[in-house]
Amino acid sequence: MKTSNRRTFVKSSVLAAAAVLLAGSTMAGSLVGEPTLAPVKFEIAKLTYQYADMEPAIDQTTMQIHYEKHYSAYVNNANDAIAAEKVQETDAKKLLANISKYSAKLRNNAGGAYNHELFWSLLRKPTQNNAPTGDLLTAINKSFGSFEKFQEEFAKAAAGQFGSGWAWLVKDGNQLKIGSTANQDNPLMDVSKFKGTPILGLDVWEHAYYLHYQNKRADYIKNFWSVVNWDQVAKLYKN
């Protein structure tokens, strides 16, 4: 065999062997399944605004303490509990849907982490006559009669939540519903009697308003409407 032909033969043989090994490796991977996804881990959500941007509806000091102290504690404690309890769920919604399997610590802190991340995303600088438009407004009018009646019903849910908790607007199938949950529970949890996918939430824990409003929760609820990011609510409604 000539030298050039021998080199060609050797090169071809090596490439063929590599292809066989690669195919075998790929086949082995398909037999054992895809790599296991990592368990859910909460991250501190980055704000798209400054603490003072919510004034006068929500004061700067409350925003800072709420975000840096309360919210960060929920995230850290949730992640500690996830590791300690060997959680296997790979995303937050799956975890919340099975929260009854886990401890009160994980329930409270995973709920707190999720609820607050949603809450931050639903805020914007105060705007006069702030209201939804388009398909979201049509859905609100259909479900509650008018935007004003929706506000009244939501305010009742927020004011009527005894002690700490949240008021919610949720999408349940094609229907919009209003309700509330205690502590850091939310409508995604299997332990919650009120079910649905949250598209608007209001934190009515005292730490969310007490520095500015003291015991006047109704004033806090009233001023909340000026800082609702209806564009974000509409995206959640659509998705």
Side-chain angles (χ1 to χ4, degrees), residues 42 44-78 104-105 107-132 140 144 147-170 177-187 189 192-194 198-230 232-233:
F42 290 95
I44 298 291
K46 293 182 179 180
L47 301 183
T48 59
Y49 43 78
Q50 302 299 313
Y51 296 136
D53 286 349
M54 298 303 115
E55 292 189 346
I58 306 174
D59 64 283
Q60 178 178 349
T61 302
T62 294
M63 282 292 298
Q64 184 171 1
I65 294 173
H66 198 173
Y67 179 84
E68 294 182 4
K69 303 298 184 181
H70 295 280
Y71 170 54
S72 63
Y74 287 126
V75 171
N76 292 334
N77 290 335
K105 177 181 178 179
R107 172 178 171 176
N108 292 333
N109 287 285
Y114 183 90
N115 295 349
H116 282 87
E117 182 173 352
L118 177 65
F119 184 60
W120 307 135
S121 75
L122 295 170
L123 300 180
R124 54 163 294 165
K125 292 182 179 181
T127 304
Q128 289 187 342
N129 303 317
N130 191 26
I140 288 174
F144 306 105
F147 178 58
E148 292 72 23
K149 289 182 179 178
F150 155 72
Q151 288 179 299
E152 291 176 8
E153 189 170 335
F154 189 92
K156 286 181 181 178
Q161 172 56 46
F162 183 77
S164 301
W166 291 74
W168 303 101
L169 172 66
V170 304
K177 301 189 303 184
I178 290 171
S180 64
T181 57
N183 302 315
Q184 292 297 349
D185 286 356
N186 66 50
M189 291 182 172
S192 177
K193 293 181 180 179
F194 179 63
I199 63 172
L200 178 65
L202 175 59
D203 188 346
V204 293
W205 282 63
E206 287 188 344
H207 66 236
Y209 65 88
Y210 203 82
L211 287 179
H212 182 62
Y213 294 97
Q214 285 80 52
N215 65 329
K216 300 176 183 177
R217 184 189 285 187
D219 290 348
Y220 164 66
I221 297 167
K222 179 181 178 181
N223 291 332
F224 169 65
W225 298 117
S226 68
V227 295
V228 174
N229 184 345
W230 288 111
Q232 179 64 17
V233 180

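This one's a predicted model, so the numbers in the text were calculated from it and none came from an experiment.
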> Which atom pair, heavy atoms only, marks the closest approach of Ser192 to Asn186?
Replying inline: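 Heavy atoms only, the tightest pair is CB-O, 3.4 Å.
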> Do you know the tightest heavy-atom contact between Phe147 and Ala131?
Replying inline: CE2-CB, 3.8 Å
> Under the ring pair (Phe, Tyr, Trp, His ring centres under 6.0 Å) test, which residues partner Phe42, sequence neighbours left out?
Replying inline: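 Phe42: no ring pair (Phe, Tyr, Trp, His ring centres under 6.0 Å) contacts found.
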> Residues in ring pair (Phe, Tyr, Trp, His ring centres under 6.0 Å) with His66, at least two apart?
Replying inline: His116, Trp120, His207
I need the [X] [atom1] to [Y] [atom2] distance, nearest 0.5 Å.
| X | Y | atom1 | atom2 | answer |
| --- | --- | --- | --- | --- |
| Tyr210 | Asn215 | OH | CG | 5.5 Å |
| Thr181 | Asn115 | OG1 | CG | 6.5 Å |
| Ile221 | Gln151 | CD1 | CD | 12.0 Å |
| Glu148 | Glu153 | CD | CD | 13.5 Å |
| His212 | Gln60 | NE2 | CD | 13.0 Å |
| Leu47 | Asp53 | CG | CG | 10.0 Å |

Under the side-chain hydrogen bond (donor to acceptor under 3.5 Å, both in side chains) rule, collect the residues that match up with [X], sequence neighbours excluded.
| X | answer |
| --- | --- |
| Asn223 | Tyr213 |
| Tyr74 | Gln184 |
| Tyr209 | Arg217 |
| Asn229 | none |

>> Just checking Lys177: does its NZ atom have more than 12 heavy atoms from other residues, nucleotides or ligands closer to it than 6.0 angstrom?
In response: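 Yes.
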Side chains of [X] and [Y]: closer than 4.5 Å at any heavy-atom pair?
| X | Y | value |
| --- | --- | --- |
| Pro198 | Leu118 | yes |
| Leu202 | Trp225 | no |
| Val204 | Phe224 | no |
| Lys125 | Tyr49 | no |

Those residues that, when tested against [X], pass side chain to side chain contact (heavy atoms under 4.5 Å, CB included) (two or more places apart):
| X | answer |
| --- | --- |
| Leu211 | Thr61, Thr62, Ile65 |
| Lys156 | none |
| Thr127 | Arg124, Asn130 |
| Glu68 | Tyr51, Gln64 |

> Which residues satisfy the salt bridge (charged side-chain N to carboxylate O under 4.0 Å, His left out) test with Arg107, sequence neighbours excluded?
Replying inline: Asp185
> Is it true that Tyr71 and Trp205 have ring centroids separated by less than 6.0 Å?
Replying inline: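 No, they do not, as the ring centres are separated by 6.0 Å or more.
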>> Can you confirm if the aromatic rings of Phe194 and Trp166 lie within a centre distance of less than 6.0 Å?
In response: no
> Checking Gln232 side chain against Leu123 main chain: does a donor-acceptor pair fall under 3.5 Å?
Replying inline: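 No: the side chain of Gln232 does not pair with the backbone of Leu123.
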